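Here is the naming used below: chain letters follow the sequence lines, and residue numbers restart at 1 for every chain. Here the structure is a predicted model, which means the values were calculated and not measured.
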Amino acid sequence: MIKKNVFDILDERGYIEQMTHPDEIKELFEKQSVPFYIGIDPTADSLHVGHFVSLMVASHMQKCGHKPIILVGGGTATIGDPSGKTDMRKMMTREMINHNVECIKKQVEKFVSFDGENAAIIVNNSDWLLDLKFIDFMREIGTLFSVNKMLSADCYKNRLDTGLTFFEMSYMLMQSYDFLHLYETYGCKLEMGGNDQWSNIIGGVDLIRKVGKSDSYGLTFKLLTTKEGKKMGKTEKGALWLDSTKTSPYEFYQYWRNIEDESVDTVLKLLTFLPIETINSLSSLKDEKINDAKKVAAFEITKLVHGEEEAIKAQEAANALFTGSGNLDNMPTVDLGDNKFVSIIDAIILAGIAPSKGQARTLVAQGGISLNDEKIADSAYMLSEKDFENGYAIIKKGKKVFFKLV
RNA sequence: GGGUAGGUGGCCGAGUGGCUAAAGGCGGCAGACUGUAAAUCUGUUCUCAUUUGAGUACGAUGGUUCGAAUCCAUCUCUGCCCA
């Protein structure tokens, strides 16, 4: 049942950032199927790239025989984790959270299996957090936390000058309690999360040790960042979502196709299941050739999230636009209905290329818009029959944003 | 509870009665250069109409004034200090 030690896989691919007990963790993976947990905050109705690495790790772990517990933070989301935030989050209603939990479940299913011997399970911490009695909780758990220690954690230190409420500070207690609960209920021995979760994770590990158990561990993985250290996955529209209605497979594909050279290796290792040898040879490509590696990365990553069919479509659309070969059918398409013969400005708005007419004009004035590969410099230009000669017109913003108008 | 400093465009941050749709930076978008990369340089970045123009906007509400982001009042939120 247990195959290769997943520790080596995670290590080799560079997932691991910090660990509480490296030797013990490795040994544990070796000798048994380890129930481990990864937490996800249901703050939106879709996961985004920030969760991607977690899901990949969960998948690797499960393939090596360990049991994933996906914890959805329905209870903690009512507070909001202060880590990395400059302001307190908006509080969410329970209805919103429940809706989000449902949506997230569907996406998680693409990465871990809920069948078989080491089937994954999904739990929601609202099931145990919402019924807690304040005094009992404080007597039992609150006494085991040192405020001095908590204040020295980065996630709180940074907030000291901008303000931090007690409400938010108790987030660490709850997340730690989650781990304790899962430890007791499912024998969960390991909490994993992004590196920004480090202080919350060691909080849980410490808590379990304080109640007298010594076999709890924590591990964090690398956050996806650009070489300037910014979080990866931000686009002009906000986050890069895993839900195809929020971020189309084509956009998703293009995001990875356009990543900076320096990130290719990381992205291939962290976000695909390609064998390490393949990745090494791909990312050793230099200069212009690195584009081949980016194509592979974009395809593989899109395939994981949206399935092979969508990945092929995205790839074909990209080929059609950038190399002239391939299939135009899969390009993002906007149906203008009966209003085909509108001004170029209106067409830009209708296609969703720019949000306002002013911006549309700026684009045209700066030479950023072309129609069927001809630059349109006149903002009064009206679309006409000849623009739809092939039954469609291709409108292009800059070099990379295309829409087919029909 | 007392004192004090504040709340400005996606973010940071100037601005203390008219020349302010509001400096500068970051971020975004486009152009040039390229490899659908990075770096760099240039332009642009509230909305509507574009020729000048109009509307909305500086925590909220009311007021003073020919005129307010700027002055006054009340409210509200936040930091810091004291208790």
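Residue-to-nucleotide proximity on RNA chain B shows that, of A:Gln254 and A:Pro355, the 5′-proximal contact is made by A:Gln254.
Closest to the A:Glu260 side chain, of the nucleotides B:A38, B:G35, B:U44, is B:A38. Of the candidate nucleotides B:G31, B:G35, B:A38, B:G31 has the atom nearest to the side chain of A:Lys375.
The residue A:Gln359 sits close only to the backbone: its heavy atoms come under 4.0 Å of sugar-phosphate atoms, none of a base. Contacts of A:Ala318 with the nucleic acid, taken as non-hydrogen atoms under 4.0 Å apart, include base atoms.
Residue A:Ser356 places at least one side-chain N or O under 4.0 Å from the OP1 or OP2 atom of B:C48. For A:Arg361, no side-chain nitrogen or oxygen approaches OP1 or OP2 of B:C48 to under 4.0 Å. Distances shorter than 4.0 Å separate some side-chain N or O of A:Lys400 from OP1 or OP2 on B:A37.
Evaluation of the ring-ring contact (aromatic ring centres under 6.0 Å, His included) test over residues 293-320 of chain A, restricted to residues two or more places apart or in two chains, returns A:Phe252-A:His306.
Across every strand in view, B:A54 sits in a pair with B:U47 that passes the Watson-Crick or G-U test at under 3.5 angstrom. B:G79 is paired with B:U4 under the criterion used here, namely a Watson-Crick or G-U wobble arrangement in which both key atom distances are under 3.5 Å. In a base pair of the Watson-Crick type (N1 to N3 plus N6-O4 or O6-N4) or a G-U wobble (N1-O2 and O6-N3), with each distance short of 3.5 Å, B:C26 is matched with B:G10.
With A:Tyr381 as the aromatic partner, A:Arg361 does not meet the cation-pi criteria of under 6.0 angstrom to the ring centre and within 45 degrees of the ring axis.
Aromatic pair A:Phe36/A:Phe29: ring centres not closer than 6.0 Å.
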Should A:Gln62 and A:Ser113 be marked as a side chain to side chain donor-acceptor pair (under 3.5 Å) after you check the CA-CA gap, both sets of side-chain angles, and the distance that decides it?
CA-CA 8 Å; A:Gln62 188 175 40; A:Ser113 158; 4.6 Å; no
Report the C-alpha separation of A:Asp206 and A:Lys149 in whole Å, then their side-chain angles, then the decisive distance to 0.1 Å, and conclude whether the salt bridge (Lys or Arg N to Asp or Glu O under 4.0 Å) test is met.
CA-CA 12 Å; A:Asp206 281 349; A:Lys149 204 170 175 182; 3.5 Å; yes
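Side-chain atoms of A:Gln366 come within donor-acceptor range of the base of B:G43, with a qualifying N/O pair under 3.5 Å. Residue A:Lys357 places no side-chain atom within donor-acceptor reach of the base of B:U50, judged by atom type and a 3.5 Å distance cut-off alone.
Residues forming a salt bridge (Lys or Arg N to Asp or Glu O under 4.0 Å) with A:Lys67 (at least two apart in sequence, or on another chain): none.
Using a 4.0 Å cutoff on non-hydrogen atoms, the parts of residues 286-293 of chain A near RNA chain B are A:Asp287, A:Glu288, A:Ile290, A:Asn291, ordered by number.
No side-chain heavy atom of A:Val205 sits less than 4.5 Å from a side-chain heavy atom of A:Glu191.
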